[in-house]
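One structure is given below, encoded as C-alpha cells.
Everything quoted here is computed from the prediction, not taken from an experiment. Counting starts at 1 for both ligands and their atoms, in listed order.
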Amino acid sequence: MNRLFISVEGIDGAGKSTHIAAMVEALRGSGHTVCQTREPGGTPLAEALREMVLHTPMDALTESLLIFAARRDHISQVIQPALARGAVVVCDRFTDATFAYQGGGHGFDLEVLSRLEQWVQVQPGSALLQPALTLWFDLPAQVAAQRLSGARIPDKFEAQPQAFFENVIAGYARRARLEPQRFVRIHADQPPDGVRAEVLAALRTRGLVTV
Ligand code: TYD
C-alpha cells in the first residue's frame, strides 16, 4: 500500500513546487488518482499549526511537537485514507524535513525526533508509515539563497542564514544515507528540463509512470 506514498524534500529555493505540479500531471496521465498535499499542513488543523510554526518564534522542541501534531492529524485524516483507496499521495515535505530542519538546522536531539516519529507514524499492527519514495532536491545552499533573494517576504525558515541551510542539507544527507533505497537524490542545480527528466526517471523506475 505504501508503494504509492511519495514525498518531496529539499531546502527552501530548491524548486520543489514547479516539479511537484509536473509530477502530479505525469502520474494522472498514467492513470493514477493523485492526492497532492503538504506538510506542515494538509488539514484545517495542520494548516493552522503551520501558520504558527512558520511565523511565531518558539524553541525547537515546541516546534517539533507542533509539527508532529500536525503530521498526526494529516496522516489520519488525509494520507492513510488516500492510500487505502489506492491513490498516489504526493506530499510536499514529510518527516525527513523535521530531521533536516529541526534536527540538522536547529541542532535538536535526533533521538527525541525518532521517538516522536515512532509514536506518530506507527500503524496498527504494522510497520512505521514512511514514503516508499523520497525525491530529495539537492542543491548548494548558496545557489538556493540566490534564487530566493528578493522573491517574496521570507517566513521564519527562509530568513535563516546560509549556514543554517548547510546544516539542513547535512540533515537530509544523513537521512538519505540511512535509507538509500527510499531516497532518490535529484540534482536540482541544473536547468528545469534536466531536473524534470530526473524526476520522471525516478517515477518510471518505480513503475509509477509510463511517460
Ligand atoms: P515550504 O514547504 O518550503 O513551503 P512554501 O514553498 O510554501 O514556503 O515551507 C515549509 C517550511 O517549513 C520550510 O521552510 C521548512 C519548514 N519545515 C520544518 O522546519 N520542519 C518540518 O518538519 C516541515 C515539514 C517543514
Side-chain angles (χ1 to χ4, degrees), residues 5-24 36-43 45-75 78-79 89-110 112-121 128-131 134-139 141 143-145 147-172 174-176 183 186 188 195:
F5 185 13
I6 304 170
S7 64
V8 184
E9 297 283 357
I11 58 171
D12 294 87
K16 290 179 291 114
S17 310
T18 318
H19 294 287
I20 286 174
M23 275 173 67
V24 169
Q36 183 185 346
T37 187
R38 69 170 181 180
E39 289 215 346
T43 69
L45 171 60
E47 289 290 334
L49 292 170
R50 177 190 176 93
E51 274 307 299
M52 294 181 200
V53 166
L54 261 54
H55 302 291
T56 312
M58 60 186 77
D59 71 23
L61 174 58
T62 309
E63 203 166 86
S64 301
L65 291 170
L66 292 182
I67 288 169
F68 271 109
R71 182 161 298 134
R72 173 77 189 164
D73 194 52
H74 188 213
I75 289 171
V78 174
I79 297 178
V89 173
V90 176
C91 194
D92 185 347
R93 303 188 184 281
F94 195 62
T95 304
D96 299 309
T98 318
F99 279 83
Y101 279 77
Q102 281 63 48
H106 289 318
F108 186 64
D109 190 335
L110 299 179
V112 174
L113 296 182
S114 293
R115 260 180 274 150
L116 291 170
E117 180 183 37
Q118 293 287 331
W119 257 22
V120 166
Q121 287 159 239
L128 208 66
L129 176 75
Q130 286 287 25
T134 296
L135 299 171
W136 170 30
F137 283 62
D138 187 27
L139 86 173
V143 179
R147 285 188 187 175
L148 281 181
S149 64
R152 58 181 176 187
I153 300 166
D155 64 37
K156 211 175 81 184
F157 295 101
E158 289 162 349
Q160 292 286 333
Q162 197 175 307
F164 173 86
F165 288 104
E166 276 153 15
N167 291 331
V168 174
I169 292 170
Y172 277 127
R174 198 161 41 229
R175 290 284 278 184
F183 271 82
I186 303 294
V195 178

Below a 4.0 angstrom heavy-atom separation, can you tell me which part of D12, side chain or backbone, both or neither, approaches ligand 1?
side chain
Any side-chain donor paired with an acceptor under 3.5 Å for R71 and T98?
yes
Is any side-chain heavy atom of H74 closer than 4.5 Å to a side-chain heavy atom of T37?
yes
E158 side-chain N/O to D155 backbone N/O, donor-acceptor pair under 3.5 Å:
yes
Distance (rounded to the nearest 0.5 Å) between I186 CD1 and D138 CG:
10.0 Å
E158: numbered ligand 1 atoms lying under 4.0 Å from its heavy atoms:
8 (O)
What residue and heavy atom of the protein are closest to atom 22 (O) of ligand 1, and at what distance?
T98 OG1, 2.6 Å
Under 3.5 Å, N or O to N or O, is E39 touching ligand 1 that way?
no
Nearest option to atom 5 (P) of ligand 1, as decided by whichever heavy atom of E63, R50, E9 sits closest:
R50
Any idea which protein heavy atom is nearest atom 23 (C) of ligand 1, and the distance to it?
A97 CB, 3.6 Å
Would you mind checking which non-hydrogen protein atom is closest to atom 6 (O) of ligand 1, with the distance to 0.1 Å?
R152 NH2, 3.7 Å
For the ring pair F5 and F94, is the centre-to-centre distance below 6.0 Å?
yes
Where does L54 meet ligand 1, judged by heavy-atom distances below 4.0 Å: at the side chain, the backbone, both, or neither?
side chain
Proximal candidate to atom 10 (C) of ligand 1 [heavy atom criterion; set K16, Q160, R93]:
R93
Residue, atom name and distance, where the atom is the protein heavy atom closest to atom 19 (O) of ligand 1
Q102 NE2, 2.9 Å
Salt bridge check, E39 against R72: does any charged N sit closer than 4.0 Å to a carboxylate O?
no
Does E117 reach the main-chain N or O of T95 with its side chain, forming a donor-acceptor pair under 3.5 Å?
no
Quick note on ligand 1: atoms under 4.0 Å from a heavy atom of R71 include exactly 22 (O), 24 (C)
Under 6.0 Å between ring centres: does that hold for Y101 and H106?
no
Quick one: does ligand 1 sit under 4.0 Å from the side chain of P40, the backbone, both or neither, non-hydrogen atoms only?
both
